[in-house]
Amino acid sequence: MKYQSTITGLGPDALAFLADEDMNFIIIFNEDAPPELAELSVLHTKTELRAVPEVGDTMTICGKEFKISAVGSEAPHTLAELGHCTLSFKGGSEAERPGCIMLEGNKLTEADLQAGGTIEIC
């Protein structure tokens with residue numbers, strides 16, 4: 001297990017980007033994120049990043065599994081320091097932004113994301 005954290009809450013606008021098919025991403029942050037960032041984020045407990053996420057790893061979000069298809073150059077650092085990155089569900093072999101992890105798999109829906117669910121990387 002490279003990473004395991006528990007979702008503690010959702011900012012009021014955390015799901016706005018997930019619902020838009022052209023965007024199809026969520027932003028995650030440690031639960032102590034500044035208020036202006038917390039509003040847009042899926043908040044979770046602080047935890048240690050034990051190993052860098054890599055292409056081919058599995059990310060599980062609230063029980064749904066996704067394959068990591070690309071990791072942005074800044075994503076491992078911001079995930080380790082702030083619990084922060086953008087999780088894009090578009091897939092693809094190149095990260096859309098430096099702080100982005102690209103995921104392939106089943107569709108993540110608003111109903112899937114619940115406080116108490118986990119975010120895991122193996």
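Computed from a predicted model, the values in this text were never measured in an experiment. Count residues from 1 along the sequence. Because only heavy atoms are used, hydrogens play no part in the values below, and waters and symmetry mates are left out as well, while side chains stay in.
- Using a 4.5 Å cut-off on side-chain heavy atoms (C-beta onward), I61 and F89 make contact.
- To the nearest 0.5 angstrom, I121 atom CD1 is 10.0 Å from S5 atom OG.
- Panel note: side chain T8, backbone T45; no donor-acceptor pair is recorded below 3.5 Å.
- Between S88 and E96, the shortest heavy-atom contact is OG-OE1, 3.4 Å.
- Once rounded to the nearest 0.5 Å, the distance linking CZ of F29 with SG of C85 reads 10.0 Å.
- At least one donor-acceptor pair under 3.5 Å links the side chain of H44 to the backbone N or O of G83.
- The distance from the CG atom of L18 to the CD atom of E110 is 6.0 Å, given to the nearest 0.5 Å.
- Following chains of ILVMFWY side-chain contacts shorter than 4.5 Å, one cannot reach L108 starting from I27, and the two form parts of different hydrophobic clusters.
- In this structure, L103 and S69 approach most closely via the heavy-atom pair N-OG, 4.1 Å.
- Between I119 and I7, some side-chain heavy-atom pair lies under the 4.5 Å cut-off.
- Between L87 and V42 there is no side-chain heavy-atom pair separated by less than 4.5 Å.
- By the 6.0 Å contact criterion, NZ on K107 is enclosed, its count of non-hydrogen atoms from other residues, nucleotides or ligands being greater than 12.
- The structure places CD1 of I101 at 7.0 Å from CD1 of I28, a figure rounded to the nearest 0.5 Å.
- From F66, atom CZ reaches atom OG1 of T58 across 11.0 Å, with rounding to the nearest 0.5 Å.
- Between C100 and M102 the shortest heavy-atom distance is SG-SD, 3.5 Å.
- In the hydrophobic clustering of this structure, V71 groups with L79; members are Ile, Leu, Val, Met, Phe, Trp, Tyr whose side-chain heavy atoms approach within less than 4.5 Å, directly or through other members.
- Other residues, nucleotides and ligands contribute more than 12 heavy atoms inside 6.0 Å of the CD atom of E36.
- Remark: side-chain polar atoms of N30 are paired, donor with acceptor, to backbone N or O of L82 under 3.5 angstrom.
- What you find for I26 and A14 is that their closest heavy atoms are CG2-O, 4.3 Å.
- Summarising the geometry of D22 relative to K90, their closest heavy-atom pair is O-NZ, 2.7 Å, with the distance given to 0.1 Å.
- Annotation: the span from E120 atom CD to Y3 atom OH amounts to 11.0 Å, rounded to 0.5 Å.
- Of all heavy-atom pairs between L43 and E31, the closest is CB-CA, 4.1 Å.
- One N or O on the side chain of D112 and one on the backbone of T109 form a donor-acceptor pair closer than 3.5 Å.
- The backbone N or O of V52 sits less than 3.5 Å from a side-chain atom of K2, completing a donor-acceptor pair.
- Between F25 and F17, the angle of the ring planes stays under 30°, which puts this pair in the parallel group of the 30/60° scheme.
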